[in-house]
Structures are given as structure tokens and as C-alpha cells.
Amino acid sequence: MPESFYITTAIDYANGAPHLGHAYEKVLADVLARHARMSGRKVHFLTGLDEHGQKVQQTAMKRGVTPQQLVDEVAVGFREMLSELGISHDDYIRTTEPRHRKVVQEFLSKLHADGLIFKDTKSGWYSVRQEQFLSDKDRDENGAWPEIYGEVTQTTEENYYFRLSQFQPWLIEHIRSHPDFILPRFRQNQVLEFLKEPMNDLCISRPKSRLTWGIELPFDKEFVTYVWFDALTNYYSAVADKGLWPADVHVIGKDILSPPHAVYWPCMLRAMGIEAPRRLLVHGWWTIDKKKASKSAGNATDSLSFARSHGKDAFRYYLCREMVVGQDADFSETSFNGRYKADLGNSLGNLVNRLLNMVGRNCAGVVPAPAADEDPERSVRSLWADARRTYDEAFAEHQVSRALEGLWTFINGLNAYIETRAPWKLAKSAEPADRARLDSCLAHVSEGLRLVGTALLPVMPDTAATLLRHIGQPVPSDFGSFDWSLAGSGVKVAEKCILFPQIDPPPAPAA
Ligand code: MSP
């Protein structure tokens, strides 16, 4: 039985259009899912939409539609994004689906019956805009409420609370004893720091007088459950009847690590007697002009147009190469065009055409068998060994940018190898030893490209498949033939291959 691999992304809020941040996370998870499939694991890849809450209710009201109509419309846009980016998810969960509602209500009933959810009255400062109670910790250095909270008033309200604080000692121990629970590791410290302070119990409801667009509490019809209790449960509700729990990786952004995913979620599961997920993979933020890409930033939606103009695979490559998982990265047209031209067009695209030209001109389009094995060939093979090691190690830690960096060192090494061997000179020589060198050079470049094509399948699935077909190679569905083997010899290659066409810049606006 193949080992299973259950991977999820955050479910996106249904109160706006998809943007760069959403796109990146789905691409990253997709690359990991495709890599795991090629490694022989039985993958289940879940993504979806977070559809309840105040903001959806308000937006629907403003637009004069029902919340359900609104989220149905938004879901179309998000699913289109997934298909435009070539995301290979196995399931898409929407929190308004009955299968989700049922599990949330089961969780709520059990925790209520076990005394882990209780009713309480709270008075305090309340932000109308953010729909949340505030504490003095939320004030700025001058003691005022920051602008993001809008109008802040004194309010008293009855609500239901989850006994989160009870699980604090267990959680600290769990994080300490599972050093790979939160990756990259530096993010763990942020969580342990948060856990130094005693935690409050978690408010999990809203009275229907204020919010109707949510899942009703099974033990009190006057309330709906609020935000995290609903949203986090999607990871479990989607596979409740599939025997796939625990999740192997939850891919999330840094803004929703602590407390939601690192604190609420493991404690909720613990309270239910369910195992914690194995890993939280936390990525940073895409910024545009150094500001977080978001719905309100507007241009974050425009950035998705690069997937249309330059192809989804080039866009996927850029996102994966430019962002070190865990750190922030800045998106710009200049950096996108730079990578498209240099990494993709010049280094990789030209290399493929150099091979096809040389094999066409000197060997009637059939890759020759290697006949010489000298220092340059040995160094190409050793460069591949390095790239392969980096690739495997980087993927083990989900560091896709490092895997790609290693791969491009190898691609550049193949280009340098061609310069060293100068096959155009060897072809003119009458020496049999030079003919042997020429054949070896073409065989080595072809083998190198076969391995590059294989390595790129998770990141650029269609482009890598096109590359492999043009060099006469099958498109593998696994990493079974991912070692240096000179498998290319004897195969017929295509005449030419345009992987990354030159894209004309858009016309300058009329003066
Ligand atoms: N609905 C919640 C998540 C619930 S998960 C049980 C939510 N939605 S969101 O739409 O605001 O964000 C969805 C994901 O996109 C989050 O992981 C978030 O970190 C990520 N991104 C949103 N903007 C981002 C960037 N600018 N850059 C990278 N990712 C960011 O949070």
C-alpha cells in the first residue's frame, strides 16, 4: 500500500476576488502534492473556500443578493484561478456544504456535552468594524485604539466559549516535543513566545441578532459559531469519512499561524481526542512595492495576469523560485521579466534548442551513444549529483526555491559544458577522437535535460512534459528513472522547441 500524503491549503475568505497571495499558496501546495505523487505517495490534496462571517453577510447586503448567492459567485472566481494555475487538488471544500456543517455541529455538540464549551457574559471594549472584543494589549503606544478597529464602544454580550486555556500546558509540550510541527523552525519561537502568557478561553459564537450567516450551534438556536471554529474544522470535515486523518501538511501564511493554526486547531483536536496535524508549513507574504499584496491593494489581482500573458508554468516557476518559503518576497514586473528572460528563456530554453540543433545537424536528429568519457563529462555528472542531492534535501523540507536554485546551477553547468566542449569545432575535426567527444557531449546534454525535465514536472508540469517530448523522452509519472543513465541515446529528437516565447511588452499608453 503506498504511503498516504494528505496536504491542505488555507481556505480563502469568500469576501473578494482571488489575488497573488492566494495564488502562491495554492501553487506551493500543488508543487508539493505533485512531488509527493511522483515519489509514490497516495496524495489527497484539499483546498477550498471560507464562506461564512460578518464580512460576507455585509457585502451581500450591500449588493442586494443573499450571502449564498454571493459565495456561489465568488467560488466560481476562485475555482477559475485554480484551473488557470494548473492546480491538481483532489477535493474542494466550501464551508457552506452540508458535509462540513455536519462535522462542525458534531464537534460543537461533543465539546458542549463534555463541558469544554460553556456560556459566559462578557463586558468590555468592542470594535464594531472588526466585530471583536479588544483588550488593553490592543491599544497603541499612546493608549488609543488603532485605526483598524474603527469605532470602539463598551458592550456586554452573552456568548459561548471553548476552554482553550486548559490545553496550554499540553500544547507547549507538544510543540517542544515535535520540532517539525511548525516549519520553518524559526516560526516555532513566535508561537512559544505567545504561549508564555496565560491564554484566554476562546469565544466561539455570535448571537444571531448580530450575525446570521454561520453554522448554528446545535445546543442553542440563538447563536451561530464564529470564524475559526468553523473554518479550521474544514481540514477534518473534508476527510472525516475517508480515514485520511491526520493531515501531513497544512500550508498556511504567517498571518494565520498564531494563534489560529498553532494554538486553536491543535487544542480543538486534542479536546475532541483527535490527533494533531503533523506539520504546519508557514510561508511569508508577497508584497507589491513593499506592501502586503491584498484585496485592497488592487494590483495583487492584476499580478495574476502574468499567468495568462506568459503561461501558467512560467508564473508558477517565478513564484516558487522567487520566494524562499517562510520569508517575504516582493513581486514586480521587472523581477518577473528578469527571471522569464534569464532563467527560462536564456538558460533553459536556449539550452534545449542548442541540443536539438546540434543533434539535427550532426546526427540526423538521433541522440548518439557516448563514446568518450573525459574530465568534462565527469564534472557534468558530478554537477548532477550535487543538484540531485540539493533537490531531494530541499523537497524534504518543502524548500522549493532551494531545489530550483540547485537545478539552475546544473542547467548553467550544462551550458558551460557545451562551451568547454565546443561541439561546433569538434564537428569540423577529422579526428575520430573528436567525433567521440562530440557524441558524448550530445548524449550528456540530452541526459542532463531529461533529468531537468523530470525534476521540473512538479513545478512546470506542462512545460516540462513538452521539453521531455521534444528531446524524445517519455513523460514519467514517478521518480523511478531519476538517476543518471544516459537513457537519451538512440532516441529521435524534435527539430526545434519554443518553451518560452518572447513576449512583446504591452503597447505604451497613448500620450
Ligand atoms: N479564511 C482564512 C483562512 C482559514 S484556514 C482554516 C484566511 N483567508 S485569506 O483569504 O485571508 O487568506 C488565505 C491564505 O492566503 C492565508 O494562508 C494567507 O496567509 C494567504 N495570503 C493572503 N495574502 C497573502 C499575501 N500577500 N502573500 C502570501 N500569502 C498571503 O485567512
Side-chain angles (χ1 to χ4, degrees), residues 8-10 21 24-25 28 116 122 124-125 127 130 132-149 152 161-204 226-229 231-233 235 246-271 274-287 290-294 323-329 397-399 401:
T8 69
T9 70
Y24 169 71
E25 185 173 282
L28 174 62
L116 291 169
K122 183 162 176 170
W125 295 106
S127 154
Q130 297 296 335
Q132 72 183 76
F133 279 97
L134 303 176
S135 73
D136 282 332
K137 276 192 284 181
D138 298 311
R139 292 179 190 270
D140 66 16
E141 59 277 15
N142 305 317
W145 300 113
E147 174 60 29
I148 52 157
Y149 295 123
V152 176
Y161 290 81
F162 166 56
R163 290 194 196 281
L164 182 67
S165 54
Q166 188 171 316
F167 297 92
Q168 185 161 3
W170 168 80
L171 182 62
I172 295 173
E173 176 49 29
H174 182 81
I175 295 176
R176 291 219 172 106
S177 58
H178 294 79
D180 285 341
F181 176 47
I182 302 170
L183 286 188
R185 294 216 175 143
F186 72 89
R187 291 270 171 222
Q188 258 177 55
N189 302 340
Q190 181 194 336
V191 178
L192 289 170
E193 202 54 39
F194 174 86
L195 290 170
K196 277 188 181 153
E197 299 283 321
M199 298 195 298
N200 293 324
D201 288 331
L202 175 68
C203 180
I204 58 133
Y226 187 62
V227 182
W228 290 109
F229 221 88
L232 288 162
T233 307
Y235 302 131
D248 290 276
V249 187
H250 289 321
V251 180
I252 54 167
K254 64 180 183 178
D255 49 326
I256 55 171
L257 171 66
S258 185
H261 282 80
V263 179
Y264 304 160
W265 184 223
C267 292
M268 282 164 61
L269 289 166
R270 177 79 181 167
I274 298 172
E275 224 180 304
R278 297 210 168 97
R279 182 167 292 173
L280 305 176
L281 178 65
V282 189
H283 61 77
W285 280 347
W286 279 96
T287 57
K290 305 286 173 211
K291 282 195 221 78
K292 182 184 180 228
S294 67
M323 178 172 265
V324 175
V325 176
Q327 322 259 308
D328 293 350
E397 293 173 21
H398 317 302
Q399 285 296 344
S401 65

>> Could you walk me through whether F167 and L116 satisfy the side-chain contact (heavy atoms from CB on, under 4.5 Å) test, starting with their C-alpha distance in whole Å, then the side-chain angles of each, then the deciding distance to 0.1 Å, before giving a yes or no?
In response: CA-CA 11 Å; F167 297 92; L116 291 169; 4.2 Å; yes
> Given the rule in the side-chain contact (heavy atoms from CB on, under 4.5 Å) test, do L28 and L281 qualify, once you have shown the distances and angles that lead to the verdict?
Replying inline: CA-CA 10 Å; L28 174 62; L281 178 65; 4.3 Å; yes
> So Y235 and W265, side-chain contact (heavy atoms from CB on, under 4.5 Å) or not? Walk me through it.
Replying inline: CA-CA 10 Å; Y235 302 131; W265 184 223; 3.7 Å; yes
>> Apply side-chain contact (heavy atoms from CB on, under 4.5 Å) to residues Q399 and V324 and explain how you reach the verdict.
In response: CA-CA 7 Å; Q399 285 296 344; V324 175; 3.9 Å; yes
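Nearest heavy-atom pair across P184 and V282 is CD-O, 3.3 Å. Across every non-hydrogen atom of F186 and G326, the tightest pair is CZ-O, 3.8 Å. C267 approaches F162 most closely through the heavy-atom pair O-CZ, 3.8 Å. Summarising the geometry of N200 relative to L164, their closest heavy-atom pair is O-CD2, 3.6 Å, with the distance given to 0.1 Å. Closest non-hydrogen pair, I175 versus F181, comes out as CG1-CD2, 4.1 Å. Considering all non-hydrogen atoms of both residues, A10 and I252 come closest at CB-CG2, 4.4 Å.
Checking side-chain atoms of E25 against main-chain N and O of T9 turns up no donor-acceptor pair under 3.5 Å. With Q327 contributing its side chain and G284 its backbone, the two residues share no donor-acceptor pair below 3.5 Å.
In summary, the side chains of H174 and R270 do not present any donor paired with an acceptor at a separation below 3.5 Å, with no hydrogens or angles considered.
Under the 4.5 Å side-chain criterion, counting only non-hydrogen atoms from C-beta, W285 is not in contact with M323. A 4.5 Å side-chain heavy-atom check between R279 and I182 finds every atom pair outside the cut-off. Within the 4.5 Å cutoff, side-chain heavy atoms of W170 are placed close to those of P266. The side-chain heavy atoms of L183 and R187, taken from C-beta on, include no pair separated by under 4.5 Å. Looking only at side-chain heavy atoms (C-beta outward), P259 and F194 come within less than 4.5 Å of each other. The closest side-chain heavy-atom distance from H398 to V325 is not below 4.5 Å.
Residues satisfying the side chain to side chain donor-acceptor pair (under 3.5 Å) criterion with N189, sequence neighbours excluded, are absent altogether. Residues that satisfy the side chain to side chain contact (heavy atoms under 4.5 Å, CB included) test with A247, not counting sequence neighbours, are Y6, W245, H250, P277.
Rounded to the nearest 0.5 Å, atoms OG (S258) and CD1 (I256) are 11.5 Å apart. We find the NE2-CG distance between H178 and L280 to be 12.0 Å, quoted to the nearest 0.5 Å. Note that the OH atom of Y264 and the CG atom of L232 stand 9.5 Å from one another [nearest 0.5 Å]. Summarising the geometry, atom CZ belonging to R163 is positioned 15.5 Å from atom CD belonging to Q168; distances are rounded to the nearest 0.5 Å. A distance of 5.5 Å separates CG in L192 from CZ in R176, rounded to the nearest 0.5 Å. Once rounded to the nearest 0.5 Å, the distance linking CG of D180 with CZ of R278 reads 12.0 Å.
Between K196 and E193 a salt bridge is recorded (basic side-chain N to carboxylate O distance below 4.0 Å).
Relative orientation of the W145 and W125 rings is tilted, given thresholds of 30° and 60° on the angle between their planes.
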